Amino acid sequence: MNFVEELKWRGMLQDIMPGTEELLKKELTSTYVGIDPTADSLHIGHLVGVMMLKLFQHSGHKPIALIGGATGMIGDPSGKSKERNLLDEDSLRHNQECIKKQLEKFIDFSGNSENSAEMVNNYDWMKGFSFLDFIRDIGKSITVNYMIAKDSVKSRMNRDGNDENVEGISFTEFTYQLVQGYDFLHLYQNNNCKLQMGGSDQWGNITTGTELIRRKAGGKAFAITWPLLTKADGGKFGKTESGNIWLDPKRTSPYKFFQFWMNASDKDAEKYIKIFTIISKEEINTLIKEHQEAPHLRTLQKRLAREITVMTHSEDEYNKAVDASAILFGKGTKETLSKLDSETLLSVFEGVPQFKLSKTELLAEIPILDLLVEKTKIFPSKGELRRLMKDNGLSINQEKEQNTEKTFNNNDLINDKFILVRKGKKKYSLIIIVE
RNA sequence: GGGGGGGUUCCAGAGCGGUCAAAUGGGGCAGACUGUAAAUCUGUUGGCGUAGCCUUCGCAGGUUCGAAUCCUGCCCCCCCCA
């Protein structure tokens with residue numbers, strides 16, 4: 001199965017420029033995907049692009065990851081445009097290195113094969129490009145008429161009609177497509193890169209690039225976009241109440257990462273497993289069938305979570321996450337909790353918010369409201385905690401607690417050291433007693 | 001520069017002198033049901049020692065027994081015209 005066919009059945013193909021498939025059949029092709037280096041870690045919103053590059057490499061072609069050091073500073077008018085903070089060069093390089101390490105788990109950068117991946121940063125070729133040179137060499141090749149015909153620009157300029165949300169577009173954002181288009185031209189000329197891929201909102205920007213290549217270099221370049229991911233319930237993919245799901249274990253623990261995929265709805269799991277794993281079509285169809293026959297077993301979620309956790313973190317981290325889940329979501333009673341030794345318990349609750357309490361405070365029979373609100377800040381107000389307890393939503397050491405007058409002492413400790421606080425079904429906090 | 005509209009609790013958006021901690025919807029949180037799902041239903045959604053008290057309706061003053069609601073000044077946002 002070739003790359004394009006692969007994308008089609010996986011639901012990862014939105015638009016494709018005519019001739020792209022032929023190009024891929026004809027020769028070893030390079031493609032690039034742009035990544036904003038706004039942080040020193042990727043989050044799962046980046047993962048579709050990463051998987052695109054991975055599949056591309058699998059099909060025998062050469063992927064290029066372009067770090068948008070320059071473009072990230074401008075702000076893309078496609079989609080929403082918040083203020084961009086300018087990165088200084090040091091953090092830019094730092095972010096780039098961190099991102100590369102993460103990409104290496106998915107893509108081969110070793111340089112050992114002719115389709116080994118590369119990483120480039122457009123800051124390298126943009127930083128020395130003067131404004132004057134740019135508008136003369138590049139700006140000359142594209143008409144404003146062409147640029148304002150793009151949806152991303154047009155939607156910001158249309159003042160007729162009834163849309164009152166239009167806020168206009170700054171010159172900087174207007175220029176964005178040209179800068180991104182120049183990236184493509186640069187890579188076309190220097191890296192023989194003839195294909196750019198991006199989310200469907202990038203179509204306009206990508207075609208500015210192919211247009212530029214046609215006019216400046218007389219060449220033909222191609223484009224592929226993937227559909228933007230949405231959740232079945234309409235929510236935004238990859239965000240939880242607590243924010244982004246990051247690939248960096250310091251930002252999002254492997255346990256939470258694993259849980260994110262486990263919690264995918266059935267519909268989403270079917271979609272995700274095609275996109276975020278490289279399991280074959282036959283096997284995925286079997287998995288989907290199994291899942292539909294016995295949905296409560298959640299075959300899809302389990303497999304999805306396994307594949308992607310192992311790929312992103314490691315087999316080891318995956319196993320830990322499974323163990324932790326078994327304790328937390330199995331019949332986790334006070335007894336099973338007590339059976340764990342301190343070390344296992346700590347690893348299970350790694351990544352769960354932890355708070356320290358001194359032994360003396362415990363011995364003073366600290367009241368539950370003081371402990372959970374003032375002492376540990378697990379709850380922001382006593383009113384909220386009272387409410388939650390009234391609704392039967394609080395567990396201490398896996399046992400429901402409704403008595404707001406409760407005080408704590410030695411008998412409430414697991415392993416003489418811990419108090420496990422659970423809010424609702426899934427949110428845990430751990431209080432550790434220190435001398 | 002001229003004219004108009006507006007800033008309310010997480011968001012949207014009512015309220016326009018007392019019965020307003022402030023309608024309604026969304027979102028959040030929790031409970032029931034479940035499969036750590038979806039849907040549904042229920043409760044809850046400023047703080048506190050919860051009878052009651054305190055802090056909130058852009059900011060600062062004022063009128064009044066009493067103001068989110070009226071007046072004055074200031075700040076900010078949007079639209080139209082030039």
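No hydrogens, no waters, no symmetry mates; every other heavy atom, side chains included, goes into these values. Values in this document were obtained by computation on a predicted structure and should not be read as measured data. Naming: A, B, ... by sequence-line order, numbering from 1 per chain.
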Original post:
So, the side chain of A:Asn121 versus the backbone of A:Gly69: is there a donor-acceptor pair under 3.5 Å, distance only?
Top reply: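 It does hold such a pair.
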
Subject >> A:Asn392 side chain to A:Gln402 backbone, donor-acceptor under 3.5 Å >> reply: no

Subject >> OP1 or OP2 of B:G31 under 4.0 Å from side-chain N/O of A:Lys390 >> reply: no

Original post:
OP1 or OP2 of B:A37 less than 4.0 angstrom from a side-chain nitrogen or oxygen of A:Lys426, does that happen here?
Top reply: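 Indeed, a polar side-chain atom of A:Lys426 lies that close.
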
**OP:** Check salt bridge (Lys or Arg N to Asp or Glu O under 4.0 Å) between A:Glu283 and all other residues, then give those that pass, not counting sequence neighbours.
**Re:** A:Arg303

Subject >> Test salt bridge (Lys or Arg N to Asp or Glu O under 4.0 Å) applied to A:Arg93 - qualifying residues, sequence neighbours left out >> reply: A:Glu89, A:Asp124

Base, sugar-phosphate alone, or nothing: which one does [X] contact when heavy atoms must sit under 4.0 Å apart?
X        : value
A:Asp266 : base
A:Lys302 : nothing
A:Arg387 : sugar-phosphate

Subject >> Of the listed nucleotides B:G31, B:A37, B:U36, the one nearest the side chain of A:Ser265 >> reply: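 Taking heavy atoms from C-beta onward, the closest nucleotide is B:A37.
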
**OP:** Give the nucleotide from the list B:G35, B:A30, B:U36 with an atom nearest to the side chain of A:His296.
**Re:**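 Nearest to the side chain of A:His296 among the choices is B:G35.
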
Original post:
Quick one: side chain to side chain donor-acceptor pair (under 3.5 Å) pairs with a partner in residues 379-391 of chain A, sequence neighbours left out?
Top reply: A:Asp370-A:Lys382, A:Glu374-A:Lys382

**OP:** Name all pairs fulfilling the side chain to side chain donor-acceptor pair (under 3.5 Å) condition that reach into residues 48-65 of chain A, sequence neighbours left out, sorted by first residue then second.
**Re:** A:Lys62-A:Glu118

Give me the distance, rounded to whole Å, that separates [N] from [M] when you measure between the [atom1] atoms they each carry.
N     : M     : atom1 : value
B:A14 : B:C81 : C1'   : 32 Å
B:C65 : B:A60 : C1'   : 24 Å
B:G52 : B:G4  : P     : 47 Å
B:C76 : B:G62 : C1'   : 22 Å
B:G31 : B:A21 : C1'   : 25 Å
B:U42 : B:U50 : C1'   : 23 Å

Subject >> N-O pairing of A:Arg298 and A:Asp266 below 4.0 Å >> reply: no

Subject >> Presence of salt bridge, A:Arg10 and A:Glu6, under 4.0 angstrom >> reply: yes

**OP:** Please determine, for B:U56, whether a Watson-Crick or G-U wobble partner exists with both distances under 3.5 Å, and give it or none.
**Re:**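 Result: none.
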
Original post:
Taking a pair as Watson-Crick or G-U wobble with both distances under 3.5 Å, which nucleotide is matched to B:A12?
Top reply: B:U24

Subject >> Reading 5' to 3' through nucleotides 48-55 of chain B, protein heavy-atom contacts under 4.0 Å coded B for base, S for sugar-phosphate only, - for none >> reply: SSB-----

Starting at [atom1] of [X] and ending at [atom2] of [N], how long is that distance when rounded to a whole Å?
X        : N     : atom1 : atom2 : result
A:Phe379 : B:G47 : CZ    : P     : 13 Å
A:Asp391 : B:U45 : CG    : C1'   : 11 Å
A:Met389 : B:U45 : CE    : P     : 17 Å
A:Arg422 : B:U36 : CZ    : C1'   : 11 Å
A:Leu388 : B:U44 : CG    : P     : 14 Å
A:Lys423 : B:U44 : NZ    : C1'   : 12 Å

**OP:** State whether the distance check finds a donor on one side and an acceptor on the other, under 3.5 Å, for side chain A:Lys425 versus base B:U34.
**Re:** yes

**OP:** Could you please spell out the steps behind the salt bridge (Lys or Arg N to Asp or Glu O under 4.0 Å) verdict for A:Asp40 and A:Arg251?
**Re:** CA-CA 10 Å; A:Asp40 63 2; A:Arg251 287 173 180 256; 2.9 Å; yes

Original post:
Is NZ or CZ of A:Lys127 both nearer than 6.0 Å to the six-membered ring centre of A:Phe129 and within 45° of the ring axis?
Top reply: no

**OP:** Specify the residue among A:Gly393 and A:Arg298 whose closest nucleotide of RNA chain B lies further upstream toward the 5′ end.
**Re:**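 It is A:Gly393, whose closest nucleotide lies nearer the 5' terminus.
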
Original post:
For RNA chain B, what residues of residues 305-323 of chain A have any heavy atom nearer than 4.0 Å?
Top reply: none

